[in-house]
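Data block below; observations after.
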Amino acid sequence: MPDPQPYVLFPGTAREALTFYGDVFGCAVELHTFAEFGRDDGPADAIAHGGLTGGPVRLSGADVAGDERPVQTEGMMLALLGTADPSTLRTWFSRLSEGGRVVDDLQKRPWDASDGQVIDRYGLHWLIGFEDN
């Protein structure tokens with residue numbers, strides 16, 4: 001069975017957010033507007049569906065429509081533990097921190113691993129870490 005793929009409802013920032021994540025993770029970004037999908041329950045240029053493709057991170061999303069509520073990540077983190085080499089994970093942590101808030105610095109832990117947490121500028125809470133060698 002494949003891993004769950006996060007699908008985020010953004011408050012009108014899906015295009016900007018998914019483009020940012022594509023840049024951070026080195027993924028292509030696929031975006032489809034409400035107009036393309038024949039939807040009239042939001043602005044024609046709003047994102048009805050989008051996602052990252054061809055890279056190490058799977059993430060999809062859309063802009064909210066109607067009475068949908070945008071993402072809030074209290075009590076949940078997106079974990080990127082050991083998903084790339086330490087240098088790449090450090091870069092991802094740094095990039096996700098830009099305009100966001102570091103919750104817990106990326107640092108060596110007593111159990112000989114490194115990890116840290118950041119809430120990015122779009123409100124997603126990330127846990128990034130790796131085993132130290």
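FYI, the numbering just counts along the sequence from 1. In this text, all values refer to a predicted model and were calculated from it rather than measured experimentally.
- Ion pairing between D104 and R109 holds under the 4.0 Å rule for side-chain N and carboxylate O.
- Distance alone, capped at 3.5 Å, places no donor-acceptor pair between the E68 side chain and the G66 backbone.
- Distance CZ/R101 to CD1/I119: 4.0 Å, rounded to 0.5 Å.
- With sequence neighbours left out, H125 forms a ring pair (Phe, Tyr, Trp, His ring centres under 6.0 Å) with no residue at all.
- Of all the heavy atoms in D41 and A65, the pair that sits closest is OD2-CB, 3.5 Å.
- For the pair V57/Y21, no side-chain contact is recorded, criterion being any heavy-atom separation below 4.5 Å from C-beta on.
- Side-chain contact between V118 and L106 is absent, with no heavy atoms from C-beta onward closer than 4.5 Å.
- Residues I47 and L9 fall into different hydrophobic clusters, defined by Ile, Leu, Val, Met, Phe, Trp and Tyr side chains chained together at heavy-atom separations under 4.5 Å.
- Interatomic distance, W126 CH2 to L78 CG, rounded to the nearest 0.5 Å: 5.0 Å.
- For the pair D120 (side chain) and Y122 (backbone), a donor-acceptor distance under 3.5 Å is present.
- Although no hydrogens or angles enter the test, the distance criterion places a donor-acceptor pair under 3.5 Å between the side chain of D63 and the main chain of A14.
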Item to complete: Please test V8 against L124 for side-chain contact (heavy atoms from CB on, under 4.5 Å), starting from the C-alpha separation and ending with a verdict.
Response: CA-CA 9 Å; V8 180; L124 299 187; 4.1 Å; yes
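- For F130, there are no ring pair (Phe, Tyr, Trp, His ring centres under 6.0 Å) partners at least two apart in sequence or on another chain.
- Using a 4.5 Å cut-off on side-chain heavy atoms (C-beta onward), T83 and I128 make no contact.
- Annotation: side chain of R95 is not in contact with side chain of F25 (no heavy-atom distance under 4.5 Å).
- Remark: side-chain polar atoms of T33 are paired, donor with acceptor, to backbone N or O of E36 under 3.5 angstrom.
- Using a 4.5 Å cut-off between side-chain heavy atoms of Ile, Leu, Val, Met, Phe, Trp and Tyr, with links allowed through other members, L80 and M76 fall into the same hydrophobic cluster.
- If you look at F34 and H49, their ring centroids are not closer than 6.0 Å.
- In this structure, CZ in R121 is found 10.5 Å from OG in S97, a value given to the nearest 0.5 Å.
- Scanning all heavy atoms of the two residues, the minimum distance from F37 to A48 falls at CD2-CB, 3.6 Å.
- Side-chain contact between R90 and S94 is absent, with no heavy atoms from C-beta onward closer than 4.5 Å.
- Counting only distance, with no hydrogens or angles, the side chain of R15 and the backbone of D45 share a donor-acceptor pair below 3.5 Å.
- The distance from atom CD of E131 to atom OG of S114, rounded to the nearest 0.5 Å, is 9.0 Å.
- In terms of heavy atoms, F10 sits closest to A17 at CE2-CB, 3.5 Å.
- Remark: the S60 side chain and the Q5 side chain contain an N/O donor-acceptor pair separated by less than 3.5 Å.
- Expressed to the nearest 0.5 Å, how far CG of L18 lies from CG of D23 amounts to 12.5 Å.
- Taking CZ of F93 as the reference point, atom OG1 of T88 lies at 15.0 Å (rounded to 0.5 Å).
- A pairwise comparison of heavy atoms in P6 and L59 identifies CB-CD1, 3.7 Å as the closest pair.
- Through direct or indirect side-chain contacts shorter than 4.5 Å among Ile, Leu, Val, Met, Phe, Trp and Tyr, L127 is connected to M77, L81.
- Taking all atoms of both residues into account, the shortest heavy-atom contact from L52 to C27 is CB-CB, 3.9 Å.
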